[in-house]
Amino acid sequence: MADAGAGSARRMWCSVPERVQLHLAMLALQFGYAGFHVVSRAALNMGISKIVFIVYRNVIAFLLLAPFAYFLEKKERPAITLNFLVQFFLLALVGITANQGFYLLGLDNTSPTFASAIQNSVPAITFLMAAILRIEKVRLDRKDGIAKVLGTAFCVAGASVITLYKGPTIYSPVPPLHAAAGPVWRPTLALGDAEGKNWTLGCVYLIGHCLSWSGWLVLQAPVLKKYPARLSVTSYTCFFGLLQFLVISAFIERNASAWLVHTGAEVFSIFYAGVVASGIAFAVQIWCIDRGGPVFVAVYQPVQTLVVAIMASIALGEQFYLGGIIGAVLIIAGLYLVLWGKNEERRFALEKAAIQSAPEHGIARPAAHIKAPSSLAQPLLPPSTENV
């Protein structure tokens, strides 16, 4: 009976047009990531040690990803060498240790909404790094090149505004029965807006998080060319990141009681981070990138910021400040400029390929039938969710 119901549900899903499936999957993905931001902040509010939270999250992620990597990529996985191990170690140092460490330090001093907002700058920072390393060409004589440069400038400006200018409170959630609930509400409000924390330092940490994330994407591209087993690369990276955090914890977190999980809420937050953010979301994002391309996936990123703002306001009583709102708008505008530039660059490549193929066939084929250089090779988006 259960099998019949599952089969019926599968047939209904398959009958939905793929484009609709992609949009639904991306919306679900943004809600999943948004929940991660809020759950991570809630975990910090409950007093979970940052290093303990990261270690447990990566243990769950590794146990979840390693079996799939072993069985699904058994035939395409190259033999492991010392050179590959060193590269995986360095990827872990940048993409797991620095990335996740800076993220939690930044989140602890700011708020989930602004952590999510600053993450919108990752494609622009990645483009800037790739251009500096000459992995990506900057064409200032074309509109796509100008758009990417302007988008990067917008993102840098937005991140600077968020960091240097907090500004007055624009919105502060107030409970319906404020007079009656006042004494109870104040501590809840303090949890949401990082009251008593160093906002500027938190934003600096989040910028470090974005730089680490972008650096990981840029460094990962050449590794994947030599070792084209994405799941295995992610698993090795997660494993070495776990080892690095265990070494760090030996110096930072020597209190044995900090490693004990005391409540169901703490267990939920750790499993959500490991299973949803590093497991389910990984599979969904890989499928969406494969079917819709990285630009399609990136377009949905600001939706995550909006969902985080709503969730954090309701669950944590988060306040919103003028500087953060101005910065978020600039970063999102920069994100779309970079993505538009990438899309125009791809369209230009398709038209050029169509023109070049005309002499060979005596007729120009439609651009849709010409395969342009794959944008998946461009380090614009995280191919996995081991990113926060």
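Heavy atoms only: backbone and side chains are in, while hydrogens, waters and symmetry mates are out.
Summarising the geometry, atom CG belonging to Leu231 is positioned 8.5 Å from atom CD belonging to Glu76; distances are rounded to the nearest 0.5 Å. Interatomic distance, Leu104 CG to Arg41 CZ, rounded to the nearest 0.5 Å: 11.0 Å. Between the OG1 atom of Thr81 and the NZ atom of Lys226 there is a distance of 9.5 Å, given to the nearest 0.5 Å. Atom NZ in Lys74 sits 11.5 Å away from atom OG in Ser232 (nearest 0.5 Å). Put simply, CZ on Arg346 and CZ on Phe348 are 14.5 Å apart, with the number rounded to the nearest 0.5 Å. Between Leu206 atom CG and Asn109 atom CG the span is 8.5 Å, to the nearest 0.5 Å.
Put simply, the side chain of Asn58 gets close to the backbone of Ile54: a donor and an acceptor are under 3.5 Å apart. A donor-acceptor pair under 3.5 Å is formed between the side chain of Ser214 and the backbone N or O of Cys210. With hydrogens and angles ignored, the 3.5 Å screen pairs no side-chain donor or acceptor of Tyr165 with any backbone N or O of Leu322. Between the side chain of Ser116 and the backbone N or O of Thr113, no donor-acceptor pair lies under 3.5 Å. Counting only distance, with no hydrogens or angles, the side chain of Arg57 and the backbone of Val275 share no donor-acceptor pair below 3.5 Å. Counting only distance, with no hydrogens or angles, the side chain of Asp144 and the backbone of Lys342 share no donor-acceptor pair below 3.5 Å. A donor-acceptor pair under 3.5 Å is formed between the side chain of Glu73 and the backbone N or O of Arg230.
Tracing side-chain contacts under 4.5 Å through hydrophobic residues (I, L, V, M, F, W, Y), one never reaches Met129 starting from Ile132; they form parts of separate clusters. When hydrophobic clusters are built by joining Ile, Leu, Val, Met, Phe, Trp and Tyr residues whose side-chain heavy atoms come closer than 4.5 Å, directly or via intermediates, Tyr336 is not grouped with Leu128. Connection of Phe114 to Tyr205 is not established within any shared hydrophobic cluster, with ILVMFWY side chains joined at heavy-atom distances below 4.5 Å, either directly or through further cluster members. There is a path of hydrophobic side-chain contacts, each under 4.5 Å, that joins Trp259 to Val59. Taking hydrophobic clusters as Ile, Leu, Val, Met, Phe, Trp and Tyr residues chained together by side-chain heavy-atom distances below 4.5 Å, Leu105 does not share a cluster with Ile162.
Side-chain contact of Asn343 with Arg347: a donor-acceptor pair under 3.5 Å is absent, judged by distance alone. With no hydrogens or angles considered, a side-chain donor-acceptor pair links Gln304 and His37 at under 3.5 Å. Counting only N and O atoms by type, the side chains of Asn255 and Ser257 include a donor and acceptor under 3.5 Å apart.
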Audit row: Val276, Tyr33, side-chain contact (heavy atoms from CB on, under 4.5 Å) steps and yes/no: CA-CA 8 Å; Val276 177; Tyr33 280 147; over 6 Å; no
From CA spacing to verdict: ring-ring contact (aromatic ring centres under 6.0 Å, His included), His209, Phe102: CA-CA 5 Å; His209 154 66; Phe102 279 134; 8.5 Å; no
side-chain contact (heavy atoms from CB on, under 4.5 Å) evaluation trace for Trp216 with Thr237: CA-CA 10 Å; Trp216 175 67; Thr237 305; 4.1 Å; yes
Pair Gln220-Leu217, side-chain contact (heavy atoms from CB on, under 4.5 Å): steps then yes or no: CA-CA 5 Å; Gln220 186 179 217; Leu217 296 176; 4.2 Å; yes
Intermediate values then yes/no, side-chain contact (heavy atoms from CB on, under 4.5 Å), Leu90 and Leu219: CA-CA 9 Å; Leu90 294 176; Leu219 293 173; 5.9 Å; no
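Closest heavy-atom contact between Gly151 and Ala124: O-CB, 4.3 Å. Across all their heavy atoms, Ala34 and Val307 have their closest contact at CB-CG1, 3.5 Å. Between Gly32 and Tyr272, the shortest heavy-atom distance links the atoms O-OH, 2.7 Å. Annotation for Ala25 and Val284: closest pair O-CG1, 3.8 Å, computed over non-hydrogen atoms. Contact between Val38 and Ala315 at its shortest, heavy atoms only, is CG1-CB, 4.2 Å. Scanning both residues, Tyr321 and Gly167, for their nearest heavy atoms gives CD2-O, 3.7 Å.
Taking 4.5 Å as the limit, some side-chain heavy atom of Trp199 sits within range of a side-chain heavy atom of Thr110. Side-chain contact between Arg139 and Glu345 is absent, with no heavy-atom pair separated by less than 4.5 Å. In this structure, the side chains of Phe154 and Ile331 stay at 4.5 Å or more apart for every pair of heavy atoms. At a threshold of 4.5 Å between non-hydrogen side-chain atoms, the residues Leu335 and Val122 do not count as touching. Looking at Cys155 and Asn120, their side chains never come closer than 4.5 Å, going by heavy atoms from C-beta outward. The shortest side-chain heavy-atom distance between Trp340 and Lys148 does not fall under the 4.5 Å cut-off. Annotation: side chain of Phe53 is in contact with side chain of Ser269 (closest heavy-atom distance under 4.5 Å). Residues Ile325 and Phe320 have side chains in contact (heavy-atom distance under 4.5 Å, counting atoms from C-beta outward).
Shown here is Phe271, whose CZ atom has no more than 12 heavy atoms of other residues, nucleotides or ligands within 6.0 Å.
The side-chain hydrogen bond (donor to acceptor under 3.5 Å, both in side chains) test applied to Ser121 returns no partner, not counting sequence neighbours.
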I'd like a table of donor-acceptor pairs (distance under 3.5 Å, sequence neighbours excluded) in which one partner is a side-chain atom from residues 238-250, with atom names and distances.
unit_1	atom_1	unit_2	atom_2	d
Gln244	OE1	Leu93	N	3.4
Gln244	OE1	Thr97	OG1	2.4
Gln244	NE2	Phe89	O	3.1
Ser249	OG	Phe245	O	3.3
Ser249	OG	Leu246	O	2.7

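Under a 4.0 Å N-O distance rule, the pair Lys50/Asp108 qualifies as a salt bridge.
Pairs of residues two or more places apart, or lying in two chains, that qualify as ring pair (Phe, Tyr, Trp, His ring centres under 6.0 Å) and include a residue from residues 218-237 are Phe84-Tyr227, Phe88-Tyr227, Phe88-Tyr236.
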